[in-house]
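Data first, discussion second: the structure below is written as structure tokens.
Just follow the structure's listing: the first ligand is 1, and inside any ligand the first atom is 1. Being a predicted model, the structure only gives us computed values, none of them experimental.
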Amino acid sequence: MLASLLTGCPPGETPLRHVEQVPARPLASAAWPDWAAPELVAALAATGIAAPWPHQVEAAEHAWAGESVVIATGTASGKSLAYQLPMLSAVLADTRSRALYLSPTKALAADQHRVLTGLGLPGLRAATLDGDTPFEERDWIRQHANVVLSNPDLLHRTLLPQHQRYSSFLRRLRFVVIDECHHYRGLFGSHVSLVLRRLRRLCAVYGAAPVFVLASATSATPGQSAARLVGLPVRTVDSDRSPRGSRTFALWEPPLLLGGSQDAEQSGPIRRAAGSEAARLLADLVIAGARTLVFVRSRRSAELTSLAAKRHLVEAGAPELAERVAAYRGGYLAAERRALERSLTSGELLGVATTNALELGVDITGLDAVVLAGYPGTLASLWQQAGRAGRRGQDALVVFVARDDPLDTYLVNNPAAIFARPVEASVTDPANPHVLGPQLCCAAAELALTTADVELFGGPAAEPVLAALVEQGLLRRRPAGWFWTDRNRPSANLRGAGHPVTVVESASGSLLGTVDAGTAPATVHPAAVYLHQGSSFVVEELDLEHGAALVRPEEPPWTTCAQEITDIVILATEQSAMLDGVSVGFGAVEVSHQVVSFQRRRFSGELLDETPLDMPLQRLVTKAVWYTLDEASVAEAGLDQKDLPGALHAAEHAAIGLLPLFASCDRWDIGGVSTAQHPDTGRPTVFVYDGHPGGAGFAARGHAVLPDWLAATRAAIAGCECPAGCPSCIQSPKCGNGNNPLDKAGALLVLDAVLSRVISR
Ligand SMILES: [Zn+2]
Ligand SMILES: [Zn+2]
């Protein structure tokens with residue numbers, strides 16, 4: 001298959017950067033545990049599972065023995081059996097036992113419900129409980145359901161605040177399953193970790209101590225991440241023993257094109273879009289008879305990729321094949337996904353271009369080829385998507401096509417970062433006071449907090465937060481503990497601090513989503529192009545006072561980018577090191593920024609115009625990592641004073657682009673500031689900060705892995721063959737300064753100066 005792609009390349013193009021052969025893994029099986037319920041074993045056998053794989057049994061045994069456990073293995077490695085075995089055996093052995101299954105999406109919980117009820121087990125009463133469950137049904141669920149499928153939001157908003165009504169459920173709770181637990185990261189993950197501690201506290205009050213079974217994509221330190229998430233020691237099972245066909249994994253970098261517009265000088269070189277490249281690969285693979293899935297980043301590009309592939313097929317004289325290519329553009333309706341699974345499995349469809357909507361909860365494996373148009377954000381997702389390829393006994397092909405982005409550039413030119421490295425850690429920070437504060441209020445409103453509870457909620461980290469809540473009059477300290485005294489329930493938003501701005505479609509009044517109040521001026525200012533699940537909207541009006549942005553569907557041929565003035569002040573240096581003229585620091589900072597205008601740019605990057613905006617000054621107290629250089633090290637590096645601002649700015653952009661390789665964030669979770677003379681350090685300084693109040697652990701992770709992170713940043717810049725900087729290396733789509741000034745050669749000198757100090761240690 002790879003050979004046919006290479007012969008399909010236009011003359012003169014050499015996009016193939018690396019080929020990795022991932023060997024097949026042979027079949028290994030284990031015996032059913034002797035405690036497994038016989039009717040469950042029989043039901044599983046009826047679905048075609050004759051014997052479990054060793055890693056499934058290993059995880060299930062831990063759970064059955066009362067040890068919380070995380071199973072962190074690849075796609076299609078049967079993680080669900082590892083938690084179904086103990087959870088279902090427990091409720092079948094004693095139908096009064098209860099289990100709670102939590103998933104990050106409603107769709108996944110619905111899928112799991114379908115699987116469980118499909119087993120046809122008498123005695124199993126499984127029910128989904130989410131925001132849409134009617135109240136009459138909730139009564140039945142509270143009293144009778146023995147496996148409840150839900151999500152952390154429902155736990156936070158309904159089940160825990162109404163714990164008295166759910167007391168018999170909590171009293172009998174034996175297992176809590178947390179599926180796809182790598183989704184709980186950053187600020188949201190920190191909130192969820194405290195919601196789980198609230199659950200554990202109330203269970204203990206009712207006399208239960210449930211065992212947690214977590215399922216995760218492969219990750220760098222799954223046991224550590226899981227233990228931080230649930231606040232308990234957690235066993236790790238990560239040796240994947242599921243059988244797998246061999247795979248050929250190709251890294252592909254589309255060629256650099258010169259401008260493409262009359263304005264080539266200004267817009268500079270850009271790469272052929274990953275979507276266009278993927279469309280051609282899709283057409284070639286379909287001609288070769290390969291069942292192929294293409295993952296793209298938005299619904300719009302799913303449609304464009306599918307259309308372009310059809311066009312290639314018609315041009316290649318195969319119009320009948322064009323009809324067997326489709327875009328997956330439905331919402332998340334189970335019926336649509338089932339239909340797609342069926343037509344791909346039957347071979348009726350040969351090629352599908354899809355968003356990552358198909359990444360979770362869809363049973364499509366056994367494809368001949370998977371094409372990833374752009375890095376999906378995390379290595380965990382990359383392996384999840386790549387895992388769709390591979391029929392037993394046959395070699396499958398995976399092609400990763402780089403987008404115009406420093407992280408993609410780095411990956412295709414540094415294969416070891418994909419193939420020889422554990423994936424990024426899921427970072428949470430349950431000690432963040434901005435998360436702890438509202439969560440402690442919620443906990444106290446559920447049941448007064450005792451001194452013994454403080455340990456559960458972070459111990460020393462919680463004490464100053466409790467004192468501050470008492471001072472603000474939110475909690476009252478009495479001899480028996482801390483009490484919530486307000487008649488109203490405390491509010492805590494699991495997905496961000498403050499009151500979010502709701503995004504509403506003006507014609508229909510339907511709610512599209514929410515954005516952080518802090519980022520609203522930059523993302524939903526008037527005339528901003530707002531993308532939602534791959535569809536494009538234009539903002540008509542932003543009302544910050546009432547927290548609403550009105551939008552209309554529209555797909556203009558340009559993007560918008562807010563321009564801001566940003567200042568950063570160091571509030572407290574928590575860690576610092578001075579290394580021969582270069583210093584590295586970490587601590588609390590206050591970032592103030594004000595959106596002053598926005599630019600409209602064509603997709604080629606060409607600037608159309610700039611319009612002033614009148615937006616309020618925003619302040620953010622958060623965590624940052626920074627480095628500085630003194631005058632001597634700047635001179636020694638061969639850097640000219642006048643080139644310094646562009647050099648630091650370029651190094652900052654690329655570093656922001658590469659941090660997601662080490663912490664499971666995306667570049668929108670973090671921000672940066674660079675300056676040739678910072679008032680607090682008195683030196684040229686580059687800051688990278690967490691974009692969430694109080695920090696979410698990303699800057700801390702950057703500080704912890706600084707040498708590796710900056711080395712990767714340097715490699716990404718050096719690996720890009722553009723002459724003076726492009727979106728694949730040092731330009732940023734979210735730059736508040738219109739990507740000006742930027743100095744590619746200077747950035748390499750800055751990074752070399754820092755790396756020569758931090759690496760030699
Ligand atoms: Zn470049
Ligand atoms: Zn910038």
Can Glu13 and Arg272 be counted as an ion pair, charged N to O under 4.0 angstrom?
-> yes
Glu610 and Arg600 ion-paired at < 4.0 Å | no
Using 2.8 Å as the cut-off, note every protein N, O or S atom close to the Zn ion (ligand 2).
-> His649 NE2, His653 NE2, Cys735 SG
Nearest 0.5 Å, what's the NE2-CZ distance between His525 and Phe598?
-> 6.0 Å
How many angstroms lie between atom CG of Leu742 and atom SG of Cys735, to the nearest 0.5 angstrom?
-> 6.5 Å
Salt-bridge contact Glu721-Arg271 (side-chain N to carboxylate O under 4.0 Å) | yes
Do we get Arg602 above Trp558's six-membered ring, with its NZ or CZ under 6.0 Å from the centre and within 45° of the axis?
-> no
Decide, yes or no, whether a salt bridge links Arg185 with Asp669 under the criterion of side-chain N to carboxylate O below 4.0 Å.
-> yes
Using a cut-off of 2.8 Å, find all protein N, O or S atoms closer to the Zn ion (ligand 1) than that distance.
-> Cys720 SG, Cys722 SG, Cys726 SG, Cys729 SG
Going by an N to O cut-off under 4.0 Å, is there a salt bridge joining Arg757 and Glu636?
-> yes
Among Glu652, Lys744, His649, find the one that has a side chain to side chain contact (heavy atoms under 4.5 Å, CB included) with Ile730.
-> Lys744
